Amino acid sequence: MESITPARVRFAPSPTGRMHLGSARTALYNYLLAQRTGGQFILRLEDTDVNRFVEGSEEELMHGLRWLGLQWDEGLDVGGPYGPYRQSERKEIYLEYARKLVDSGHAYACFCSKERLDGVRQEQMKRKESLHYDGTCRNLSKETAGRRITDGEPYVIRFKTPRDGSISSHDALRGEIIVENKNIDDYVLVKSDGWALYHLAAMVDDHLMKITHVIRGSEWLSTFPLHVHIVRAFGWEEPEWVHLSVFLKPSGKGKMSKRDAADALDSGYSIFITDLEKLGYIPEGVLNWILLMGWGIAEGEFMTLPEMVQKFDIDRVNPSPAAIDFAKLDYFSGAHIRNLTNEDVSSRVKPYFEKAGYQVDDRKMIQIIPILRERLVTLDDALFFAGFFFKDDIEPALADLIGKNLTAAESAKIVQRSGEILASLDEITPELAEPPMRLMVDELGLKAGQVFGILRVAVTGQAISPPLFESMEIIGKTKVLERLKKAIEILASGTE
RNA sequence: GCCCCCAUCGUCUAGUGGCCCAGGACGUGGCCCUCUCAAGGCCAAAACAGGGGUUCGAGUCCCCUUGGGGGCACCA
């Protein structure tokens, strides 16, 4: 590997909603680059717009990142030498830099009212022109502007984008991007209430926080040239720009909408990180899944976070939009569960049982894991496959207890006979129980599936379960015989 | 409408001019294993959007068309 300089990267979300897959991937790629280069991963909050603040979103964000294992080195909650890391606490800083821009002639005060601007846009729309500021205040003299400000007139500060020529800069995934200056609006940098907008705030912070790589969503691609103008107006060095693509809905037609998010939830999936946690997906699986949505490797896609750090290369990220495929999430989730130790699976599964009201015995749980783990796609699935281990009573349905091509009476007899065989054993283990049971199956001229199917329902209460004899061993001889007795009673009620 | 970006199997992707009659993964189908469900093993079907160039040679470079996506706020 060539010598690399430590990257300082930032994940800078705004507390305006829930943390979704797209944010998670952006955070992951940032994290990976920082780790790989021995740099810092910074978490900054872009909360300059109080109107869009959503209660609890900041907590959800930090929880989500930590759940995924993407701990930041600097920023919210942990602090650092370049704070504060909350933009709402940096208002004066932005104002100071906005003034510099005005003084150097790169920005100007604009007194146009919102109403007038709306009218201008209407006109432009009618004439089918591009929507942009018409430049009314662009060339106001410093004196005029100064007087109107002291008169108390409300104003915003706009960037004075050059009218002629073009600007070009480099995006790591797309190469050179050239845009005509006439297509770049005189964007508002500071609102009339004195709060800076993203365009200014982010550039100032990235510079002050010594960010080397700006990795963000492609929604910023269209204002990217503006940002380059701002950075250059200050005379600062540009960071490496990396614009990630967006995620498309599973059909590949358009980005995820509220409606699509609801549909996903209906089918047991979600695009929100904390939902995924609730559903029982494991962070390793989620990480592996989103890693590969926009970046690929020739072979060996199964990776844990440390392996991702080794293999990931930000420059090889794919610039095209990617459709979300939940089936692949299921695969990675299950695969990563199978990659965990039994102890780890046990401790991760436990909270899901407890939340469902089960009393969990740790020793029993660790016995169950080996026969349970390969059946899990989510940790929550454990409830279905292993719930009966922790129930005092199960309620098998009569219909389920009747074996394939058998009557209730015949089934009862089989359970009876099985009970006798199992009762004669010192204990029920697969080694001790399976041979005599198979012998019985042969003597009765039946199929193993018929007999074991009945017993499965009798012992577990369900038609699908972990292997029968292994399950019996964990349940214990006494309880198994009790359940068989009960099954005979249920079957008897069906013979009358 | 205007601006910008993108384009390899159903999906995510490998591919940086000859190693590609295109590789991997998920999903799908078949077989094996099997007490159910899984897991696992083997096999199979499945793609360079279309058209022009450049070149001895193009999935790879250029142009156009088409399709898709993003943006056009005193939001981020």
Side-chain angles (χ1 to χ4, degrees), chain A residues 12-17 46-49 51-52 110 112-114 117-118 121 124-125 127-132 154-158 171 173-174 177-180 182-185 187-193 195 197-199 201-202 216-225 243 245-246 248 250-255 289 292-302 316 318-332 334-335 338 372-377 381 384-385 434 437-438 441 447-457 460 462-469:
Chain A
S14 59
T16 54
E46 315 240 304
D47 59 344
T48 52
D49 187 0
N51 297 317
R52 299 215 314 158
C110 167
C112 297
S113 71
K114 235 180 152 169
L117 260 20
D118 283 343
R121 266 191 288 274
Q124 290 170 341
M125 232 180 294
R127 292 198 302 265
K128 300 198 169 184
E129 287 175 8
S130 62
L131 274 26
H132 60 276
Y155 67 98
V156 301
I157 293 174
R158 286 181 184 275
D171 173 86
L173 314 183
R174 301 155 220 269
I177 291 175
I178 306 166
V179 176
E180 300 283 323
K182 65 170 193 281
N183 290 324
I184 305 170
D185 206 356
Y187 284 87
V188 173
L189 262 23
V190 179
K191 294 190 277 184
S192 54
D193 62 7
W195 280 104
L197 255 19
Y198 176 92
H199 309 294
R216 51 171 16 179
S218 70
E219 65 268 25
W220 294 114
L221 214 43
S222 57
T223 41
F224 164 49
H243 292 94
S245 67
V246 291
L248 270 24
S251 65
K253 302 267 180 216
K255 60 173 181 177
W289 180 47
L292 266 11
M293 295 179 69
W295 177 78
I297 187 162
E299 257 161 83
E301 293 190 337
F302 181 91
R316 312 281 274 229
N318 203 130
S320 56
I324 292 170
D325 178 13
F326 289 112
K328 204 154 185 174
L329 167 62
D330 281 345
Y331 165 75
F332 278 119
R338 275 171 252 131
L372 169 69
R373 49 185 300 157
E374 69 227 35
R375 271 156 261 268
L376 303 180
V377 165
D381 288 342
F384 168 77
F385 283 110
E434 198 165 346
M437 289 299 290
R438 287 197 181 272
V441 169
K447 289 271 198 315
Q450 286 174 292
V451 174
F452 295 167
I454 298 169
L455 296 178
R456 180 187 315 285
V457 175
T460 71
Q462 51 198 54
I464 295 171
S465 81
L468 183 58
F469 297 107

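Chain naming here is simple, since letters A, B, ... match the order of the sequence lines and numbering starts at 1 in each. None of these values were measured; they are calculated from a predicted model.
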Next on the checklist: If you apply the rule ring-ring contact (aromatic ring centres under 6.0 Å, His included), what do you find for A:Y331 with A:W289, and how did you get there?
Outcome noted: CA-CA 9 Å; A:Y331 165 75; A:W289 180 47; over 10 Å; no
Tell me what [X] touches on the nucleic acid: a base, only sugar-phosphate, or nothing, going by heavy atoms under 4.0 Å.
X	answer
A:P466	base
A:R127	nothing
A:G334	nothing
A:P467	base

Item to check | Residues which pass side chain to side chain contact (heavy atoms under 4.5 Å, CB included) with A:R174, listed by chain and number, not counting sequence neighbours | outcome: A:D171, A:I177, A:S218, A:L221, A:H243, A:P319
Checklist entry - How would you list, by chain and number, every residue that makes a side chain to side chain contact (heavy atoms under 4.5 Å, CB included) with A:D49, sequence neighbours excluded? => result A:N51, A:R52, A:K191
Can you check whether any acceptor in the base of [N] is under 3.5 Å from a donor in the side chain of [X], or vice versa?
X	N	answer
A:R174	B:C5	no
A:K114	B:A73	no
A:S218	B:C5	no

Checklist entry - Can A:K255 and A:E219 be counted as an ion pair, charged N to O under 4.0 angstrom? => result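 The answer is no: the pair does not qualify as a salt bridge.
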Between [M] and [N], how far apart are the [atom1] atoms? Round to whole Å, please.
N	M	atom1	value
B:U54	B:C63	P	15 Å
B:A22	B:C48	P	10 Å
B:G68	B:G30	P	35 Å
B:G17	B:G57	C1'	8 Å
B:A47	B:C12	C1'	13 Å
B:G15	B:G53	P	29 Å

Taking atom [atom2] of [N] as reference, at what distance in whole Å does atom [atom1] of [X] sit?
X	N	atom1	atom2	value
A:I464	B:U34	CD1	P	20 Å
A:W295	B:U8	CH2	C1'	18 Å
A:R216	B:G70	CZ	P	17 Å

Checklist entry - Base, backbone or nothing for each nucleotide of nucleotides 44-49 of chain B, written B, S, -, heavy atoms under 4.0 angstrom, 5' to 3'? => result ------
Checklist entry - Given B:C74, is OP1 or OP2 found less than 4.0 Å from the side-chain N or O atoms of A:N51? => result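 No, outside the criterion.
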Checklist entry - Is B:A38 paired to anything, Watson-Crick or G-U wobble with both distances less than 3.5 Å, and if yes, which nucleotide? => result none
Checklist entry - Mapping A:D47 and A:A448 to their closest nucleotides on RNA chain B, which lands nearer the 5' end? => result A:A448
